[in-house]
*Asks:* 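Have a look at the structure that comes next, please.
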Amino acid sequence: MLKNIKKITLAESIREALVLSMKKNDNVILVGLGVDDPKGIFGTTKDIDKIFKKERVFDFPTAENAMTGISIGASLLGMKPVIVHQRVEFSLLSLEQIINQAAKWFFMNGGTKSVPLVIRLIIGRGWGQGPQHSQSLEAIFAHIPGLKVISLSTPYNAKGLLISSIEDKNPVIIFEHRWLHEIQGEVPKKYYKIPLGKAKVVKKGTDITLVSSSYMVIECLRSAKILKSYSIDVEVVDIQSLRPLDIQTIMNSVKKTKKAIIVDNGGINFGISSEIIARLYENFSNKEKSICKIERIGPPDNPIPSTRELAKYCYPNYLDIIKKTEKLLKKKFKNLEKYKDNIPLDQPNKDFMGPF
Amino acid sequence: MLKNIKKITLAESIREALVLSMKKNDNVILVGLGVDDPKGIFGTTKDIDKIFKKERVFDFPTAENAMTGISIGASLLGMKPVIVHQRVEFSLLSLEQIINQAAKWFFMNGGTKSVPLVIRLIIGRGWGQGPQHSQSLEAIFAHIPGLKVISLSTPYNAKGLLISSIEDKNPVIIFEHRWLHEIQGEVPKKYYKIPLGKAKVVKKGTDITLVSSSYMVIECLRSAKILKSYSIDVEVVDIQSLRPLDIQTIMNSVKKTKKAIIVDNGGINFGISSEIIARLYENFSNKEKSICKIERIGPPDNPIPSTRELAKYCYPNYLDIIKKTEKLLKKKFKNLEKYKDNIPLDQPNKDFMGPF
Amino acid sequence: MKISKSIKIKLFREMLRIRLIEQTIASKYHEAEMRCPVHLSVGQEAIAVGVCQNLKKNDKIVTAHRSHAHYLAKGGSIKKMLGELYGKVTGCAKGLGGSMHLIDLNAGVFAAVPIVGSTIPIGTGIAWANKLKKKKEIVAAFFGDGATEEGVFFESLDFASLHDLPILFVCENNEYSVYSHISKRQSSKRSISKIANSFGIESLQIDGNNIEDIFLETKKIIDKVKSKSKPFLIELKTFRYLEHCGPNNDDKLNYRTNKYLNLWKKKCPIINYQHHLKKYNYLTTKEIEKMNMKIRAEIFHAFNFAKKSKFPEKILLKKYIYA
Amino acid sequence: MKISKSIKIKLFREMLRIRLIEQTIASKYHEAEMRCPVHLSVGQEAIAVGVCQNLKKNDKIVTAHRSHAHYLAKGGSIKKMLGELYGKVTGCAKGLGGSMHLIDLNAGVFAAVPIVGSTIPIGTGIAWANKLKKKKEIVAAFFGDGATEEGVFFESLDFASLHDLPILFVCENNEYSVYSHISKRQSSKRSISKIANSFGIESLQIDGNNIEDIFLETKKIIDKVKSKSKPFLIELKTFRYLEHCGPNNDDKLNYRTNKYLNLWKKKCPIINYQHHLKKYNYLTTKEIEKMNMKIRAEIFHAFNFAKKSKFPEKILLKKYIYA
Ligand SMILES: Cc1ncc(C[n+]2csc(CCOP(=O)(O)OP(=O)(O)O)c2C)c(N)n1
Ligand SMILES: Cc1ncc(C[n+]2csc(CCOP(=O)(O)OP(=O)(O)O)c2C)c(N)n1
Ligand SMILES: [Mg+2]
Ligand SMILES: [Mg+2]
C-alpha cells in the first residue's frame with residue numbers, strides 16, 4: 001500500500017474528513033447528541049473533542065428542532081455546523097427547519113445569505129431496531145429543491161464527499177448507512193474532495209447495470225462478483241448524489257447495457273428508484289424503450305419489524321439482486337446456494353452482538 | 001336539479017361531510033388552529049362550533065407537534081380527531097408524530113390498536129404567499145407505508161372521500177388545494193362514501209390520458225374542453241388516492257389511449273409523477289413501451305417565489321397542458337391564444353383580492 | 001434615568017414613521033399591486049422602537065410574520081421593504097420572499113419568516129455564533145404570544161440559558177393569535193415571564209404601549225445582556241389595531257369585545273406620547289405637522305420607487321436555488 | 001399515613017421481581033436470542049412500583065425506551081414482554097415492535113416508543129379523551145430527564161394545564177441522557193418542577209429511590225389528579241445501574257465519576273428497603289429467600305415460554321399495515 005493511502009473503515013474516514021475540515025476551517029463545528037461521548041457516533045467523532053476546543057464539539061440537549069434552527073442561525077454568521085442524528089427518525093422533529101428554512105433560505109432572501117449546513121443522517125437496519133429505528137428516508141429529502149442530498153457508500157467516497165459537503169455553501173444532507181461504518185477501504189490520507197452531484201461507475205461491465213446507493217452498493221458489488229462466475233459482466237453505478245441527481249451517468253450506463261436493476265435502500269413507492277426509472281424512460285428513444293429492461297428492488301412496502309424472522313424479508317441482498325438478474329436476463333443460474341453466506345441479517349459483521 | 005342534490009362549493013361540501021360525520025358519530029372532533037374562528041378554515045368549518053358542543057370543535061394552541069400526538073392519544077381511546085392545518089408547511093412540525101407514530105402504530109403494536117386520525121393539509125398557491133406558504137408536499141406523505149393519502153378535487157369527491165376517511169380506522173392524510181375551496185359542483189345531500197384507494201376516470205376519451213390530482217384535475221378538464229375543439233378526445237383520470245395508489249385504473253386508461261401526460265401538483269423530482277411513470281413502464285409490455293408516450297408536467301424545481309411575475313412560471317396550467325399535448329401528438333393547434341383567460345394566477349376567482 | 005429631548009423626539013418620530021408607513025400600505029393595498037399577505041404592526045410600534053433604539057447597527061434582530069415595525073425600527077430600508085411588498089427586484093429579497101421575508105443584513109435584520117416560532121432558534125443560533133466568535137454583539141428575537149406555544153421556543157430558551165447566550169427574547173403579547181384569544185390557548189395560571197425564570201432566564205413585564213418605559217428598561221437590560229452574556233426575556237402587553245392579516249379593520253367580526261377594543265384604543269402609544277410631548281413642550285403642533293410632512297414625503301418617494309421598480313427576471317428562479 | 005405490612009411486602013416484592021427479571025434479561029442477553037436493544041431499568045424500580053401501585057387497572061400509562069419496569073409494575077404480562085424481546089409471535093406486539101414497543105392494553109400499558117418525548121403528547125391525548133368521555137381514569141406518563149428537553153414536552157404541559165387534564169407527569173431524573181450528564185444539557189438554574197409551576201401545573205420533587213415516599217406521596221397526588229381533574233408533575237432523582245442500552249455495566253467508560261457511582265450504589269432502593277423490612281421484622285431472611293425463589297420460578301417459566309414460542313409468520317408483514 002502506498003504511503004499516502006491507508007486502509008481504514010468508513011467510520012474512520014468520516015472522522016478524518018471531520019478532523020481535516022476542522023483543522024482547515026476554524027468555523028467548522030460538530031453538533032449533535034453524543035458527538036463527544038465515549039462511543040463518538042459509531043466512532044465517526046470519537047475523541048475529536050480531545051483534539052479541538054470544547055466549543056467545537058458540541059453535545060446537544062434532546063431538542064432536534066432547536067438544534068437545527070440554532071445551527072442555521074450560527075451558519076448565518078459564518079459558522080459551519082455539521083449536525084449528526086444517530087437515527088434518521090430523530091431528524092423528523094426538525095423537518096420544518098430543514099425544509100421550510102434551510103432549503104429555501106438562499107432563495108427566499110433573494111440570494112443574500114445561504115445556509116452552509118451539513119446534516120448527517122444515519123439510516124439502515126440493525127439488531128431488532130424495529131419500526132422507528134430502521135427507516136431509510138432519503139426520498140423525503142431528495143424531493144426538496146434547495147437541499148443537496150448525498151449518500152455515502154465507501155470509505156473513499158465518504159471522506160471526499162463529506163469534505164465537499166462541508167465546503168459547500170448550501171444545506172447538505174448526508175445519508176450514512178449503519179452497516180457501512182465498519183467496512184474497510186483504501187483512503188488517501190490527504191484532504192481531497194469529490195464533487196457533489198455526480199454518480200460514479202464503481203464497476204464497469206457490459207451485460208447489466210445495477211444502480212444503487214449507500215449500503216446497497218455493497219450488495220450490488222457482491223452480486224456482481226458472483227455473477228461473474230456465471231459469465232455475467234455487471235456494471236455498478238453508485239448514485240452518490242440523490243439531489244442533484246446525475247441521471248446522465250446512470251443513463252449512459254443503461255444505454256450501454258440495455259438492462260438495469262435499480263436497487264433501492266428505502267421503500268420503492270414514491271422512492272428514489274421511482275424517479276430514476278421515470279427519468280430513464282423519459283430520456284429513452286422509442287427503440288430503447290422497447291429493448292431496455294428495467295426492474296427495481298427495495299424493501300417491501302411495510303414498516304420494518306423488529307423480529308429478525310420478519311426483518312429478513314425486508315432487506316433485499318445480493319441473492320435477491322441475482323435472482324432479479326436471472327429474471328431480467330431470462331437465465332437460470334445453477335448452484336446459487338453455495339454463495340449464501342451465513343452472516344445473519346441483523347449483524348453488520350460476525351462479532352457484532354447488539355444492542356445497537 | 002334534483003331535490004336530493006345541490007350545487008355547493010367544495011368548502012361547503014367539506015363542511016357537510018364534517019357535520020354529517022359529527023352527527024353520526026359522537027367521537028368525531030375537529031381539531032386545529034382556528035377551527036372555530038369567524039373564517040372557519042376557508043369556510044370548511046364555519047359555525048360548526050355553533051351546532052355542536054364546544055368540546056367537539058377544538059381550537060388549539062400553536063403547537064402542531066403536540067396537537068398531533070394528543071390527537072393520536074385521543075384516537076387510542078376511540079375518539080376520531082380530524083386535524084386541519086391551514087398550510088401544509090405547518091404540518092412539518094408534526095412529521096415525527098405522523099411518520100414514526102401514527103403511520104406505524106397498528107403495525108408496531110402487533111395489530112392491537114390503530115390510530116384513526118384524519119389530517120387535512122391545505123396546499124397550493126396564493127396571493128404572493130411565497131416559499132413557505134405554497135408548497136404541495138404530497139410526495140413526502142405518499143412515501144410512508146401505514147398512511148393513506150387522499151387528494152380532493154371536486155365538491156362531490158371531497159364529501160365522499162372525507163366521510164370515508166373519517167370512517168377509516170387508519171391515519172388518513174387529506175390534501176386540499178386552496179384554489180378548490182371555492183369551486184362549485186353538484187353534491188348529494190345525503191351521507192355517502194367514496195372508497196379510498198381508487199382513482200377515477202372523470203372524463204372519458206380516446207386520444208390521450210391526462211393523469212392528475214387535486215387542483216390540477218381542474219386544469220386538465222379545462223384543457224380537455226379546449227382540445228375538444230381541436231378534435232382531440234381527452235381522457236382525464238383523477239388519482240384521488242395517492243396511497244394506496246390505484247395504478248390499475250391509470251394503466252387501463254393509458255393502455256387505451258397510448259398517450260399520457262402526468263400532471264403533478266408538486267415538484268416532479270422524486271414526486272408523485274415519478275412513481276406513476278415508473279409503475280406504468282413496469283407494467284407495460286415491450287410493445288406498449290415503445291408505442292406509448294408519456295410525459296409529465298409540474299412546477300419547476302425551485303422554491304415558489306412570492307412575486308407574481310415569477311410565480312406565474314411555477315404553476316403549469318391548461319395552456320401548458322395543451323402545449324405538451326401538441327408536442328406529444330405532434331400536432332399544431334392554431335389560435336390557441338383565444339383560449340387564454342385573464343384571471344391572474346394569484347387569484348382563485350376574480351373577486352379575490354388577498355390577503356390570503 | 002431621564003430621557004433627553006432629542007431622544008424623546010426620536011422615539012416619537014420613529015413610531016410615527018412606522019405608523020404612517022403601515023397606514024399607507026393599508027390605504028394602497030386595495031390597488032392590488034402589493035400582492036402578498038401583510039401583517040401590519042399598527043398599534044405595536046412602541047415595542048419595536050423602544051427596543052431597537054437601544055441596539056447598535058451590528059446588533060441583530062430576527063422577527064416573524066408581523067415584522068414591518070421591527071425591520072423599520074432597526075434601520076431596514078423602506079425602499080427595499082416596499083420593493084419587496086410590490087414583488088419587485090429592488091425588494092430586500094428581490095421579490096422572491098414577499099412581505100413575510102424581510103431581511104436587511106446591513107441594518108442587522110437577519111431573519112423574518114411566517115412559520116410561527118421558527119426564527120426563535122435561528123436568533124438563538126446567531127447569539128451562539130456571536131458568543132463562539134467572542135463578538136460583543138447581541139440579538140433581539142421578536143415574537144408574539146402565539147409563538148410561545150411552539151416547542152421550539154422552549155427548546156431555544158433552554159439552550160440560551162444553558163450556554164449563557166447574549167440574546168434578548170421579546171414577546172409582544174397582543175393577546176391574540178389570529179382570532180384566538182390567549183385564554184383559549186394558554187392557562188390563566190401560565191406566565192411567559194415565569195416560564196423564562198424556570199429555565200434560569202431573567203425576565204420582566206413591561207407595558208408594551210409605553211415607549212419611555214420600554215426604552216429605559218430595555219436600555220438597562222441590553223447593557224446587562226451584553227456585559228454579562230446572559231439571555232433575558234421581556235414580555236410586553238400590547239394591541240393590534242387592524243385585522244391579523246390584511247389592510248382592514250375587522251372589529252365587526254366581534255372576536256374582540258367592544259370593551260376590550262375601547263380600552264386598548266385609548267392606549268395608543270403614539271397619540272398618548274404626542275400628548276405628552278406637546279403637554280411638556282417638547283414638540284409643538286406645528287413641529288409635529290412638519291414632521292408628518294417630511295415622513296410623508298419620504299413615504300411617497302419610497303412608494304414611487306417601489307412602484308416604478310422592475311419585476312425580477314425569470315432567471316432568478318434558477319439563480320438562487322443554490323449558493 | 002402508615003403503610004400496612006401487606007402493602008410494604010407488596011412494594012418490596014414488586015421491586016424485587018422487576019429487578020430479577022431485568023437481571024435475567026441481562027444474563028441471557030449474550031445468548032443473542034433477544035436480538036433487539038434493551039434499556040434496562042435496574043436501579044429505577046422504586047418509581048415504577050411506587051407510582052403504579054396507586055393506579056387502578058383502568059388507569060393508563062405511557063412510557064418510553066426504558067419501559068420494562070413501568071410495563072411490569074402496571075401489570076403487563078411478563079410472558080408477552082419476553083416473547084416480544086425474543087421476537088416471537090407471542091410477544092405483546094407479536095414480535096413486530098421489539099423491546100422498545102411494549103404494550104398491554106389489558107393492563108393499561110398504552111404506549112412505549114423509543115423516540116424521546118414522543119409519548120408525552122400521546123399520554124396527554126389519552127387524558128384528554130378521558131376528560132371528554134367523562135371517565136374518572138387517569139394517565140401516568142413516564143419519561144426521563146432527557147425527554148424534558150424536547151419541545152413537545154412543554155407543548156404537552158401547556159395543553160394539559162389549559163384544559164385541566166387528569167394526568168400525572170412522572171419525570172425519572174437519572175441525570176443522564178445516554179452518556180451526557182444533565183449539566184451538559186440543562187442550565188443549573190433550570191428546574192423541571194418550577195417549569196411545571198410556571199405552566200400552572202403543581203409539582204413535587206420526590207426521592208426516586210425511596211419507595212415509601214413515592215408510594216405515599218403519589219397516593220395523595222393521584223387522588224387529587226382524579227378528583228380535581230388537574231395535571232401534576234413529579235420529578236424523581238434516581239440512578240441507572242447499567243449501561244444506557246444493553247446488558248452490561250459500563251462504569252469503566254468513566255463518563256460517570258466513581259464518587260457519583262459509589263454514592264448512588266449505596267442508595268439502592270431494593271437493598272435498602274430489604275434492610276428496613278428485615279430490621280422492623282416485616283420480613284425474615286427466609287421469607288425473602290422464598291420470595292426470591294417464587295419469582296425466579298415465574299421468570300424461568302416465562303423465559304421458557306418465550307424461547308419456545310414461535311416466530312411470527314411472514315403474512316403479518318402485510319396484515320398489520322392497515323387496520
Ligand atoms: C407553525 C405555524 N402554525 C400556524 C401558523 C398560522 N399563523 C400565522 S400568524 C399566526 C398567529 C401567531 O400569533 P402571535 O405569535 O401571537 O403573533 P401575532 O400575529 O399576534 O403578532 C398563526 C397561528 C403559522 N404561520 N405557523
Ligand atoms: C428524538 C430522539 N432523540 C434522540 C434519541 C436517542 N436517545 C435514545 S434514549 C436517549 C436518552 C434519553 O434520556 P432520558 O430521557 O433521560 O432517559 P433515560 O435513558 O435516562 O432513561 C436518547 C438521547 C431518541 N431516541 N429520540
Ligand atoms: Mg399575538
Ligand atoms: Mg435520563
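Residue numbering restarts at 1 for every chain, and letters A, B, ... go by the order of the sequence lines. Model, not experiment: these values are computed from the prediction.
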*Asks:* Measuring heavy-atom distances to chain B, does D/I321 have an atom under 4.5 Å in its side chain, in its backbone, in both, or in neither?
*Replies:* both
*Asks:* With a 4.5 angstrom heavy-atom cut-off, which part of D/N130 approaches chain B: side chain, backbone, both or neither?
*Replies:* both
*Asks:* Identify the residues of residues 113-125 of chain D whose heavy atoms come closer than 4.5 Å to a heavy atom of chain B, ordered by number, or report 'none'.
*Replies:* D/V113, D/I115, D/S118, D/P121, D/I122, D/T124, D/G125
*Asks:* Check each atom of B/D26 against the heavy atoms of chain D and say whether the ones under 4.5 Å are side chain, backbone, both or neither.
*Replies:* neither
*Asks:* Please classify the contact between B/N65 and chain D as side chain, backbone, both or neither, with a heavy-atom cut-off of under 4.5 Å.
*Replies:* both
*Asks:* Taking D/K74 for the side chain and D/A107 for the main chain, is one N or O donor matched with an acceptor at less than 3.5 Å?
*Replies:* yes
*Asks:* For B/K104, which atoms come within 4.5 Å of any heavy atom of chain D: side chain, backbone, both, or neither?
*Replies:* neither
*Asks:* Considering only heavy atoms, which portion of B/V172 lies under 4.5 Å from any heavy atom of chain D: side chain, backbone, both, or neither?
*Replies:* neither
*Asks:* Measuring heavy-atom distances to chain B, does D/L102 have an atom under 4.5 Å in its side chain, in its backbone, in both, or in neither?
*Replies:* neither
*Asks:* If you count the non-hydrogen atoms of other residues, nucleotides and ligands that lie under 6.0 Å from CD in B/E55, is the total more than 12?
*Replies:* yes
*Asks:* Side chain, backbone, both or neither: which part of D/K60 has a non-hydrogen atom closer than 4.5 Å to chain B?
*Replies:* side chain
*Asks:* Answer with side chain, backbone, both or neither: which region of B/I29 has an atom nearer than 4.5 Å to a non-hydrogen atom of chain D?
*Replies:* side chain
*Asks:* Heavy-atom distance under 4.5 Å to chain B: side chain of D/F159, backbone, both or neither?
*Replies:* side chain
*Asks:* Of the backbone (N, CA, C, O) and the side chain (C-beta and beyond), which part of D/A111 lies under 4.5 Å from a heavy atom of chain B, both, or neither?
*Replies:* both
